[in-house]
There are 2 protein chains.
Amino acid sequence: MDDIAKALPRKGPASPEIADWIRDQIRTSRFVPGQRLVEVDIIRKTGGSRFKVREALQRLAAEGLVEIEENRGASVREASMSEIRQLYRSRAALESICAGDFARDASPAEKAELQAIAEKMESCLEDGAPERFGSLNAQWHAMIMRVTGNTVIESIVRRLNTPVHHLLFETFYRGNRMQDAVNDHRLILSAIMEGDVEGAERAMRQHVENGLQFLASLDKALHRE
Amino acid sequence: MDDIAKALPRKGPASPEIADWIRDQIRTSRFVPGQRLVEVDIIRKTGGSRFKVREALQRLAAEGLVEIEENRGASVREASMSEIRQLYRSRAALESICAGDFARDASPAEKAELQAIAEKMESCLEDGAPERFGSLNAQWHAMIMRVTGNTVIESIVRRLNTPVHHLLFETFYRGNRMQDAVNDHRLILSAIMEGDVEGAERAMRQHVENGLQFLASLDKALHRE
DNA sequence: ATCGACATAATTGTCAACAATATCGTTATC
DNA sequence: GATAACGATATTGTTGACAATTATGTCGAT
């Protein structure tokens, strides 16, 4: 008679969760580029064991989000502008493929859902909710890739984004980036609705390149301030 | 007087070297997809400690080359045909960008060097040396990306290739894949020599897509045999 | 006050032992 | 003979301690 109900062992977080936690700290700029990630600190704050923390750091290093130096430990890696430029070129190429696929292969219902997300984003413009906007934006881009079965490309793009995630987050707080993005999305959507494959590709490519432009100008502003 | 010359501590291999070793085993089909990677075996064959082996496996898991299941350990991951197709589409997009860059920005000396590698590959045709051909092929593709500073793209492409590396290796032993590749390379090179950016992009895209076609037919042949 | 040598503390690297889990073979039961 | 319960073995998960290395603070000489 096992009414004990397994007496849940209450283990600490597993290494993927710790990795997620660190990623999130970086994304929200609580860990900034160059900062050293001391193992004991992370243990204290997550409750994970040292072994798991090291596993998590190892994974993040493989992702390129942190850097591990011999006997000096892990630190948040700083992405250079040249690197960011390459990341965006890659994103432009990969996401435009998926946008074309979506225009060709997505069902009317799926296209409608994509539009629904876009409309939610537009409603963020008025009450200015950058973090909600950012989350919806991620959803929007992910849907285009996932619906057409491009899960591998989706995971590549997610990885490409991580090193600039905290900057992306930042851009939505600045200038009229949100408005610009909404306009771009409208263009992409209309091409998708018409089933215009090449148009969708072109519009998506332009959208990503616009994002790079904004990031570049933001970078300049931050460094000269 | 320390003529002891440091009495070299003779440590075992570090985790990156162990990871390289495992990658190589997979590439040469000594470890095949689905096979379980038992930690003790790897320890025995590499001389590394268990800790380092686990570190290496963790890295390879982050790369997507192996899969780690809770309490069941690591095994070589099998790439589905759908996944391979996406990998090749991505490669086609990314490498064609670099080919265009190369046609535009590479110096005459660099272009000549690229041609020199291509000629070495052609000499492999006669004495049929697939493994040498494969190594030169990797060099050739890497040079196009590296010379124009697209190091990030280069690393992405390298990662994309790892899960199909053992198949690539295989293709050079089969049919007239080597001859086909040489022909493709000729087309790419002539566009590059003329500084024809779009032509180089197109030719590279075609080359990668040809590679996918060959792989797909190989896959069919292997599964039906 | 500045600099360097030294001692001390903080941090990471490594290992070996132990615990938890899964795998496989054996036996008992129907 | 098939199946289920059981036990033995193999394999992975986790922990803690200790070694090696790097960072920090202290003191004395100039």
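A note on names: the letters A, B, ... follow the listed sequences, proteins ahead of strands, and every chain is numbered from 1.
Proximity note for E39(A) (side chain, C-beta onward) versus dC15(C), dG13(D), dG13(C): the nearest is dG13(C). Closest to the N71(A) side chain, of the nucleotides dT21(D), dT11(D), dT12(C), is dT21(D). For S49(B), the side-chain atoms get nearest to dC15(C) when compared with the rest of dT12(C), dC15(C), dT12(D).
Atoms CD1 and CZ, from I26(B) and F31(B) in turn, are 7.5 Å apart once rounded to the nearest 0.5 Å.
We find that CD of E70(A) is positioned 13 Å from P of dT12(C), with the value rounded to whole Å. Counting to the nearest Å, the P atom of dA10(C) and the CD1 atom of I42(A) are 18 Å from each other. Separating the CG atom of D41(B) from the P atom of dT11(D) is a distance of 7 Å, rounded to the nearest angstrom. Rounded to whole Å, atom P of dG13(D) lies 11 Å from atom NZ of K52(A). Residue I43(B) contributes atom CD1, which lies 11 Å from atom C1' of dT11(D) at whole-angstrom precision.
Residue R72(B) places none of its side-chain N or O atoms closer than 4.0 Å to OP1 or OP2 of dT21(C). Within the structure, a side-chain polar atom (N or O) of R54(B) is placed less than 4.0 Å from OP1 or OP2 of dG13(D).
The residues D101(B) and R89(A) are annotated as salt-bridged, a charged nitrogen and a carboxylate oxygen being separated by less than 4.0 angstrom.
For the pair F51(B) and L37(B), both in contact range of DNA chain D, the more 5′-proximal nearest nucleotide belongs to L37(B). Take the nearest nucleotide of DNA chain C for E55(B) and for R36(B): the residue whose nucleotide is more 5' is E55(B).
Residue R50(B) places a side-chain atom within donor-acceptor reach of the base of dG13(D), judged by atom type and a 3.5 Å distance cut-off alone.
Judged by a 6.0 Å distance limit and a 45° cone about the ring axis, R91(A) is positioned over the six-membered ring of Y88(A).
With 3.5 Å as the limit, one finds a donor-acceptor pair spanning the side chains of E131(B) and Y173(B).
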